[in-house]
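The structure appears right after this line, and notes come after that.
Letters A, B, ... are given to chains in the order of the sequence lines, protein chains preceding strands, and every chain is numbered from 1.
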2 protein chains.
Amino acid sequence: MSGEPVFAALSDATRRTLLTRLADGGPATATQLAAELPITRQAVLKHLEALRDARLVTSARAGREVRYTVTPEPLADAVGWIADVGGQWDSRLAALQAQFSSPRAK
Amino acid sequence: MSGEPVFAALSDATRRTLLTRLADGGPATATQLAAELPITRQAVLKHLEALRDARLVTSARAGREVRYTVTPEPLADAVGWIADVGGQWDSRLAALQAQFSSPRAK
DNA sequence: ATGAAGTGCAACTCGCAGGTTGCATCCGAC
DNA sequence: GTCGGATGCAACCTGCGAGTTGCACTTCAT
């Protein structure tokens, strides 16, 4: 009922960085991403595996390379859970929705 | 800039359980919560401290007891970050909003 | 004022997640 | 075919987080 591996995936700062990087710059390979980060390719690979377990990225082989792409659908589960918890505070939920509809405002 | 301790707080299943418990059943003490869970009062206390560090709960002393209450505001930060990442996929963002406006539907 | 219920603090164990190194393997180019 | 860039796998190190136990301290009730 409450299998929320998404939160576990998002708990790590490096993984969040990877997600934003992939969301902003489009699909990339593990080696490519490792070059832009202060950690090893292997470490990046492990994080990508964790993200793939959480269905947040998909891997697609292109020749000898493997591109990783963001698939943000599971994030909806996280938002759903948050909405459930915050559901008791209707007024605050309104505030959430406001911020949600103008994400660029930040 | 990107201090998102909220995700770290939500990464643990026990902490999520505590949050829902507090959201559903209202404020409670550490001893009270420990009685409803398969872990020690001390463990619960540590989790509550973690949640308080993330501003997700507040502690208020009442006599010799200490009641913990949910303060869901920081959850907005999490949703904001998610919206940022998912911002690239406008259509999917719409789906997120839909689920957001009807949390009870689940 | 004394005993019980509740909280606070500290030390300790233990498993796992994040990270590294090393090597084997696969695929494309020349 | 063979050389180089890229991936895959495995063993290993290390620190931290979750949980426990034990004890000292506060506070209400009798």
When you measure from the side chain of [X], which nucleotide among [options] comes out closest?
X: A:Thr14; options: C:dG19, C:dG8, D:dG19; result: C:dG19
X: B:Gln42; options: C:dG18, D:dG8, D:dT21; result: D:dT21
X: B:Thr40; options: D:dG8, D:dT21, C:dT20; result: D:dT21

OP1 or OP2 of D:dG19 versus the side-chain N and O atoms of B:His47: is any pair under 4.0 Å? yes
On DNA chain C, more 5' by nearest nucleotide between B:Glu49 and A:Arg61 is B:Glu49
Side-chain donor or acceptor of [X] under 3.5 Å from a matching atom on the base of [N]?
X: B:Lys46; N: D:dG17; answer: no
X: A:Arg41; N: D:dG8; answer: yes
X: A:Glu65; N: C:dC26; answer: no

Does any N or O in the side chain of [X] come within less than 3.5 Å of the main-chain N or O of [Y], such that one atom is a donor and the other an acceptor?
X: A:Arg15; Y: A:Ala9; answer: yes
X: A:Arg52; Y: A:Val57; answer: no
X: A:Thr40; Y: A:Ala43; answer: no
X: A:Ser59; Y: A:Tyr68; answer: no

Contacts of A:Gln32 and B:Ala43 projected onto DNA chain D by closest heavy atom; the upstream (5') one is A:Gln32
Assign each of A:Arg64 and A:Ala30 the nucleotide of DNA chain D bearing its closest heavy atom; nearer the 5' end lies the nucleotide of A:Arg64
Between [N] ([atom2]) and [X] ([atom1]): distance, integer Å:
X: B:Leu33; N: C:dG6; atom1: CG; atom2: P; value: 13 Å
X: A:Ile39; N: C:dG19; atom1: CD1; atom2: P; value: 5 Å
X: B:Leu48; N: C:dG6; atom1: CG; atom2: C1'; value: 14 Å
X: B:Leu18; N: D:dA18; atom1: CG; atom2: C1'; value: 13 Å
X: A:Leu45; N: C:dT20; atom1: CG; atom2: C1'; value: 13 Å

Rounding to 0.5 Å, atoms CG (A:Leu18) and CD1 (A:Ile39) come to a distance of 6.5 Å
### Task
Describe the nucleic acid contact of A:Arg67 in one word from base, sugar-phosphate, nothing, applying a heavy-atom distance below 4.0 Å.
nothing
